[in-house]
Amino acid sequence: MARGVLSFPLTSFHDDGSLDPDGFRAQVADSVATGPGAVFPACGTGEFFSLDEDEYRQVVTIAVEEAGGRLPVVAGVGYGWAQAARFARIAEEAGADALLVLPHYLVTAPQDGLVAQLERLAARTRLPLIAYQRGQVAFTAASLRRIAAVPGVIGLKDGHSDLDRLQRLTLAAPDGFLFFNGAATAEIQARAYATVGVPAYSSAVHAFAPEIANAFFTALRDGDRGDGGRGDAAGTDDKTVQRLLRDFYVPFVELCDRVPGYAVSLVKAAARLRGRPVGPVRAPLTDPSPADLADLRTLLGTGLDLVGAAL
């Protein structure tokens with residue numbers, strides 16, 4: 001999965017808020033065609049929190065069908081372990097390859113409870129599990145050793161961006177345990193994560209501008225192979241990374257920071273600006289204001305210009 005950007009497709013809705021399966025299918029097909037490392041349907045960017053079980057089944061089934069065995073499909077599950085197990089059964093029946101375990105609902109829990117949550121879920125599914133630490137979920141190195149020993153738990157996605165803690169976790173993990181950069185707009189911190197041994201990352205930008213996401217990924221990868229800036233190809237790649245960070249990614253994060261939930265709402269709005277059939281967000285998220293939408297359109301045009309693509 002470190003060979004390409006990890007794609008987190010948006011869940012498509014009609015204007016009345018109902019699920020749009022055809023729109024979602026078209027979106028996933030377009031995403032798969034751009035060569036991501038894996039597809040993660042019904043996760044945070046896919047508004048998992050808003051889906052009922054029937055909608056979830058449709059979303060995961062469509063993703064599996066469109067991936068066609070060419071790349072892994074990792075479906076989101078969440079809430080408490082009992083409800084997560086219900087979604088896990090649906091994902092298993094739909095043909096998913098693995099599960100991303102989203103942070104549990106509401107309560108702050110001790111380390112023993114965080115480990116027990118994964119143990120109980122792992123005992124109820126045949127699918128491999130990737131834990132997602134974010135919000136109220138944060139594992140210690142000791143707990144990481146415990147969850148890595150649970151049959152079926154194969155990796156950890158990190159959304160805290162605490163590199164000191166993350167380095168301790170990577171050092172505590174057994175060989176072959178997977179780590180993923182799951183920071184909001186992960187490209188901002190991709191280089192920093194790579195320095196502690198976590199090169200794979202998720203990309204919300206891939207959902208609306210795979211040209212930008214793939215150009216950044218390629219430049220980051222190729223720049224890291226060279227001397228980082230003596231005017232050769234590696235230096236050119238490093239300059240591409242810097243330019244995309246400065247002129248697109250950082251302004252995009254600043255725009256997302258204006259309103260809670262914009263990390264999903266703006267991604268969906270940008271996809272709509274490009275003609276993608278994604279529809280609105282579901283409550284409690286809200287779509288962007290006209291002023292913010294205008295700023296997004298300008299920024300999207302800038303980002304696409306940087307990589308030689310058109311709106």
Side-chain angles (χ1 to χ4, degrees), residues 1-12 19-48 51 55-77 87-102 125-130 132 152-157 176-182 186-187 190 198-222 267-268 271 274-278 307 309:
M1 284 193 260
R3 295 178 182 175
V5 172
L6 303 180
S7 175
F8 285 68
L10 300 156
T11 301
S12 299
L19 183 69
D20 177 7
D22 292 337
F24 182 70
R25 183 179 296 278
Q27 183 199 162
V28 175
D30 287 345
S31 176
V32 169
T34 66
V39 174
F40 287 68
C43 293
T45 305
E47 298 177 78
F48 166 79
L51 300 176
E55 292 170 332
Y56 178 84
R57 183 184 300 275
Q58 292 183 67
V59 165
V60 177
T61 298
I62 289 169
V64 169
E65 290 173 351
E66 292 304 317
R70 290 169 288 174
L71 68 168
V73 175
V74 184
V77 297
F87 283 102
R89 285 194 294 273
I90 295 170
E92 189 172 326
E93 292 166 0
D97 298 295
L99 302 171
L100 178 66
V101 185
L102 303 171
T125 181
R126 293 178 294 177
L127 294 180
L129 305 180
I130 299 169
Y132 189 3
V153 178
I154 63 169
L156 178 75
K157 181 181 178 185
F177 195 77
L178 305 175
F179 284 92
F180 304 93
N181 167 4
E187 287 91 344
V198 185
Y201 64 86
S202 58
S203 176
V205 171
H206 191 271
F208 64 86
E211 305 96 327
I212 297 173
N214 287 336
F216 181 89
F217 179 89
T218 300
L220 181 67
R221 178 197 62 198
D222 293 349
V267 172
K268 261 199 162 174
R274 303 205 70 197
R276 305 289 199 272
V278 298
V307 298

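Only this structure's heavy atoms are used, side chains among them; waters, hydrogens and symmetry mates stay out.
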Enquirer: Heavy-atom distance under 4.5 Å between the side chains of Pro277 and Asp22, does that happen here?
Expert: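 No, side chains not in contact.
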Enquirer: For the residue pair Leu71 and Asp97, what are the closest heavy atoms and their distance?
Expert: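 Heavy atoms of Leu71 and Asp97 come nearest at O-OD2, 4.0 Å.
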Enquirer: Answer yes or no: is there a side-chain heavy-atom contact under 4.5 Å between Glu187 and Tyr201?
Expert: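 When only atoms from C-beta onward are counted, Tyr201 and Glu187 do touch, with a gap below 4.5 Å.
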Enquirer: Would you name the heavy atoms of Leu102 and Ala42 that are closest together and state the gap between them?
Expert: CD1-O, 4.5 Å
Enquirer: Of all heavy-atom pairs between Ala63 and Val28, which one has the smallest distance, and what is that distance?
Expert: CA-CG1, 4.2 Å
Enquirer: Are Val74 and Phe180 close enough that some pair of their side-chain heavy atoms sits under 4.5 Å apart?
Expert: no
Enquirer: Considering non-hydrogen atoms only, spot the tightest contact between Gly46 and Thr11 and give its length.
Expert: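 Of all heavy-atom pairs spanning Gly46 and Thr11, the closest is O-OG1, 2.5 Å.
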Enquirer: Can you confirm if the NZ or CZ of Lys157 lies within 45° of the ring axis of Tyr132 and under 6.0 Å from the centre of its six-membered ring?
Expert: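 Yes - Lys157 lies over the ring of Tyr132, closer than 6.0 Å to its centre and within 45° of its axis.
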Enquirer: Specify whether Phe48 and Phe87 have parallel, tilted or perpendicular ring planes, treating 30° as the upper limit for parallel and 60° as the lower limit for perpendicular.
Expert: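 Perpendicular.
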Enquirer: Side chains of Thr45 and Leu10, heavy atoms from C-beta outward: is any pair under 4.5 Å?
Expert: yes
Enquirer: Do Val205 and Val5 have side chains that get closer than 4.5 Å, going by heavy atoms?
Expert: no
Enquirer: Within a reach of under 6.0 Å around CZ of Arg126, are more than 12 heavy atoms found that belong to other residues, nucleotides or ligands?
Expert: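 Not buried by this count: 12 neighbours or fewer within 6.0 Å.
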Enquirer: Would a distance-only check, ignoring hydrogens and angles, find a side-chain to backbone donor-acceptor pair under 3.5 Å from Tyr56 to Val77?
Expert: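 Looks like no, no N/O pair under 3.5 Å.
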Enquirer: Between Thr218 and Asn214 (side chain of the first, backbone of the second, donor and acceptor by atom type, cut-off under 3.5 Å), is there such a pair?
Expert: yes
Enquirer: Roughly how far apart are Glu66 CD and Asp30 CG, rounded to 0.5 Å?
Expert: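 Answer rounded to 0.5 Å: 9.5 Å.
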Enquirer: Once rounded to the nearest 0.5 Å, what's the spacing between atom CG of Leu100 and atom CG of Leu156?
Expert: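 Reported to 0.5 Å precision, the distance equals 9.5 Å.
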Enquirer: Can you see which heavy atom on Leu220 is nearest to which on Ala190, and at what distance?
Expert: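 Smallest interatomic distance, heavy atoms only, reads CD2-CB, 3.6 Å.
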Enquirer: What distance do Cys43 atom SG and Phe8 atom CZ have between them, rounded to the nearest 0.5 Å?
Expert: 5.0 Å
Enquirer: Rounded to the nearest 0.5 Å, what's the gap from CD on Gln27 to OG on Ser7? Could you check?
Expert: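 Taking CD in Gln27 and OG in Ser7, the distance rounds to 7.5 Å.
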Enquirer: What distance do Glu47 atom CD and Ser12 atom OG have between them, rounded to the nearest 0.5 Å?
Expert: 10.0 Å
Enquirer: Could you check whether any side-chain N or O of Arg274 sits under 3.5 Å from a backbone N or O of Phe208, counting only pairs where one atom can act as donor and the other as acceptor?
Expert: yes
Enquirer: Taking Ala186's backbone N and O only, do any of them form a donor-acceptor pair with Asn181's side chain (distance below 3.5 Å, no angle check)?
Expert: yes
Enquirer: Under 4.5 Å between any side-chain heavy atoms of Ile90 and Val60, yes or no?
Expert: no
Enquirer: Provide the closest heavy-atom pair for Leu127 versus Ala91 in the form atom of the first, atom of the second, distance.
Expert: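 Scanning both residues, the minimum pair turns out to be CD1-C, 4.1 Å.
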Enquirer: Are Phe216 and Val307 close enough that some pair of their side-chain heavy atoms sits under 4.5 Å apart?
Expert: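 A side-chain contact under 4.5 Å is absent here.
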Enquirer: In Å, rounded to the nearest 0.5 Å, how long is the span from CG of Asp20 to CD of Gln58?
Expert: 10.5 Å
Enquirer: Side chains of Phe24 and Pro41: closer than 4.5 Å at any heavy-atom pair?
Expert: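 The answer is yes, as the side chains (C-beta and beyond) meet within the 4.5 Å cut-off.
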